[in-house]
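One structure below.
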Protein chains: 2
Amino acid sequence: MTSYALLSLLVIDSENQDGLTGYELKQRADFTLRFYWVSPAMSQIYTELERLTSHACVSVDEDVDGRRTTRRFRITPAGREALDTWLRDPTDDFPVLKHPVALRLMLGAMMGTDAVRDMLDRYEQALSERRQELEAVRAMLGDRESVAYAARVAEWGLTFFDAEATAIDRTRDSL
Amino acid sequence: MTSYALLSLLVIDSENQDGLTGYELKQRADFTLRFYWVSPAMSQIYTELERLTSHACVSVDEDVDGRRTTRRFRITPAGREALDTWLRDPTDDFPVLKHPVALRLMLGAMMGTDAVRDMLDRYEQALSERRQELEAVRAMLGDRESVAYAARVAEWGLTFFDAEATAIDRTRDSL
DNA sequence: AGCGTACTGTTCCTAATCGGAATATCGGAG
DNA sequence: CTCCGATATTCCGATTAGGAACAGTACGCT
């Protein structure tokens, strides 16, 4: 799955002819991918790139910058095709949510009402920070047609964050 | 993290004096834990139980049932304490969402509007099935005080599902 | 010029998690 | 008594997580 996520980052960047380094891919992942997926570990990015290269889904350019050589990766036509096949595969699986707050809330009786309230407050705070970050991404995308789908994904994320805020309020009211 | 999830299942079941087998834990996880976490693989359940046993957080009863011996696991006071310490730890991390639909939506321009619509329809369908399952769990919990927190977690999940439905609608309207 | 330091870029290591297949026993329907 | 589904555990390989370690680069500062 992660390989498709990386290919998608490479496609999105592909107007830029230079390609991306593993390091840059990590940065892009940290910037947007993390809102609806996870930002893969460094280690995984490089191993996936290795694999994608061996499948000819990405091509590598070795840049010699003085004393070190860095590698820039670009998606190949074969990579695009693999991505396209995956996009058309109708067996999309269901989203996975790992929610530490819910996990703890389950044991609210053991925590006590005050500790639950504190936890909710902390989560509310963290949530509003994330929301602002995503809002900034959304604002940056504007209404340019070329990034319309990215904007839709950002909107989706904002809807999710708002629902979380609602859930916090409802839970607090029920205590 | 998974070990705490298992401990929480054992705590919740602990009115029942018999304890649970690994298999039963898997069933409980499939039933509720999957809505706000993941249902761990068999392999992981047994390895975690092994580890928890070695840390004296769970105790094991070997039941000899005819030709085979099965093991029932119960949480120990030390296990409760470990769980309690974790519950009071204020460093709860942020929820992680892995959303395949959003990942594909990002490349909507490559999919084409029709394929995007189809994907949204399929997700809407899958979502309503999940919602019904969770609704059934919620109904089963009723308003008994002993499961009030589980009910709150279920409500939280329903709020999430409703937000997903909203996001689907908004995305569809924007196409 | 030399120094410090933050950033860029890659590799490496370990642990945790995933996903089921394989195995084997049990319990009940017919 | 036989078959089949449920119970129970083990095993395997692959993927994912999370950073530390290492090395070069860019840039401001004195």
Side-chain angles (χ1 to χ4, degrees), chain A residues 1-7 9 18-31 33-34 36-55 58 60-74 86 91 93-100 103, chain B residues 1-7 9 18-31 33-34 37-55 58 60-73 86 91 93-100 103:
Chain A
M1 207 73 182
T2 304
S3 56
Y4 292 112
L6 291 180
L7 282 179
L9 290 176
D18 291 343
L20 295 169
T21 65
Y23 184 78
E24 284 169 334
L25 274 167
K26 174 63 173 164
Q27 287 183 315
R28 314 251 165 164
D30 285 342
F31 189 61
L33 193 60
R34 72 172 158 131
Y36 55 92
W37 198 255
V38 282
S39 188
M42 289 286 184
S43 51
Q44 207 189 345
I45 287 178
Y46 282 98
T47 37
E48 289 296 343
L49 283 172
E50 197 97 353
R51 181 185 349 193
L52 287 168
T53 305
S54 79
H55 289 14
V58 301
V60 196
D61 275 337
E62 305 234 328
D63 266 25
V64 184
D65 285 341
R67 198 171 316 180
R68 79 169 157 184
T69 67
T70 66
R71 285 167 300 160
R72 316 200 126 261
F73 299 87
R74 267 176 299 131
W86 172 71
T91 69
D93 21 31
F94 203 80
V96 169
L97 183 61
K98 285 189 173 192
H99 206 310
L103 188 57
Chain B
M1 207 74 180
T2 304
S3 56
Y4 292 113
L6 290 180
L7 282 179
L9 290 176
D18 291 342
L20 295 170
T21 64
Y23 185 80
E24 284 168 334
L25 275 167
K26 174 63 174 164
Q27 288 184 313
R28 314 252 165 164
D30 285 343
F31 190 61
L33 192 61
R34 72 172 159 131
W37 197 254
V38 282
S39 189
M42 287 286 182
S43 51
Q44 206 189 348
I45 287 178
Y46 282 98
T47 38
E48 288 296 342
L49 284 172
E50 197 99 354
R51 180 188 348 198
L52 287 168
T53 305
S54 78
H55 289 14
V58 302
V60 196
D61 275 337
E62 304 234 328
D63 267 23
V64 184
D65 285 342
R67 199 170 315 180
R68 79 170 158 184
T69 68
T70 67
R71 285 166 302 159
R72 317 201 125 262
F73 299 87
W86 173 72
T91 69
D93 21 31
F94 204 81
V96 169
L97 182 61
K98 286 189 172 191
H99 205 308
L103 188 56

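Just so it is clear, the model here is predicted, and its values are computed rather than measured. The sequence lines fix the lettering, A, B, ..., with proteins before strands; numbering per chain opens at 1.
- Residue B:R68 places its side chain closer to C:dC26 than to any other of C:dC26, C:dG20, C:dG9.
- For B:Q44, whose side chain is taken as the heavy atoms from C-beta onward, the closest listed nucleotide among C:dT17, C:dG20, C:dG9 is C:dT17.
- Side chains of B:S39 and B:D30: a donor-acceptor N/O pair is present below 3.5 angstrom, by distance only.
- For the pair A:Y23 and C:dG9, the criterion of a side-chain N or O lying under 4.0 Å from OP1 or OP2 is not met.
- Side chain of B:K26 to main chain of B:P40: a donor-acceptor pair is present (N/O by atom type, distance under 3.5 Å, no hydrogens or angles).
- Among the heavy atoms of the strands, none lies under 4.0 Å from A:E50.
- The main-chain N or O of A:M42 is never found under 3.5 Å from a side-chain atom of A:Y23 such that the two would form a donor-acceptor pair.
- Ranked by how close their nearest DNA chain D nucleotide is to the 5' end, B:K98 and B:Y46 are led by B:Y46.
- Closest to the side chain of A:S43, from the set C:dG9, C:dG20, C:dC13, is C:dC13.
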Query raised in the report: What do the steps show when you test A:E48 against A:Y4 for side chain to side chain contact (heavy atoms under 4.5 Å, CB included), and what is the final call?
Result: CA-CA 10 Å; A:E48 289 296 343; A:Y4 292 112; over 6 Å; no
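- Straight-line distance from the CD atom of A:E62 to the P atom of C:dG9: 14 Å, rounded to whole Å.
- Nucleic acid contact for B:R67: sugar-phosphate only, since backbone atoms but no base atoms lie under 4.0 Å from a heavy atom of the residue.
- Under 4.0 angstrom from either OP1 or OP2 of C:dT17 there lies at least one side-chain N or O belonging to B:T2.
- Atom CD1 of A:I45 is separated from atom P of C:dG9 by 13 Å (rounded to the nearest Å).
- In 5' to 3' order, the nucleotides of DNA chain D bounding all contacts with chain A (an atom under 4.0 Å from a heavy atom) are D:dT15 to D:dT25.
- When the nearest nucleotides of DNA chain D are assigned to A:M1 and B:M42 by heavy-atom distance, the more 5′-ward of the two goes with B:M42.
- Side-chain atoms of A:R72 come within 3.5 Å of backbone atoms of A:G19 as a donor-acceptor pair (strictly under, hydrogens ignored).
- Here the side chains of A:L33 and B:L103 are in contact, with some heavy-atom distance below 4.5 Å.
- Side-chain contact check for B:D63 versus B:T21: every heavy-atom pair is 4.5 Å or farther apart.
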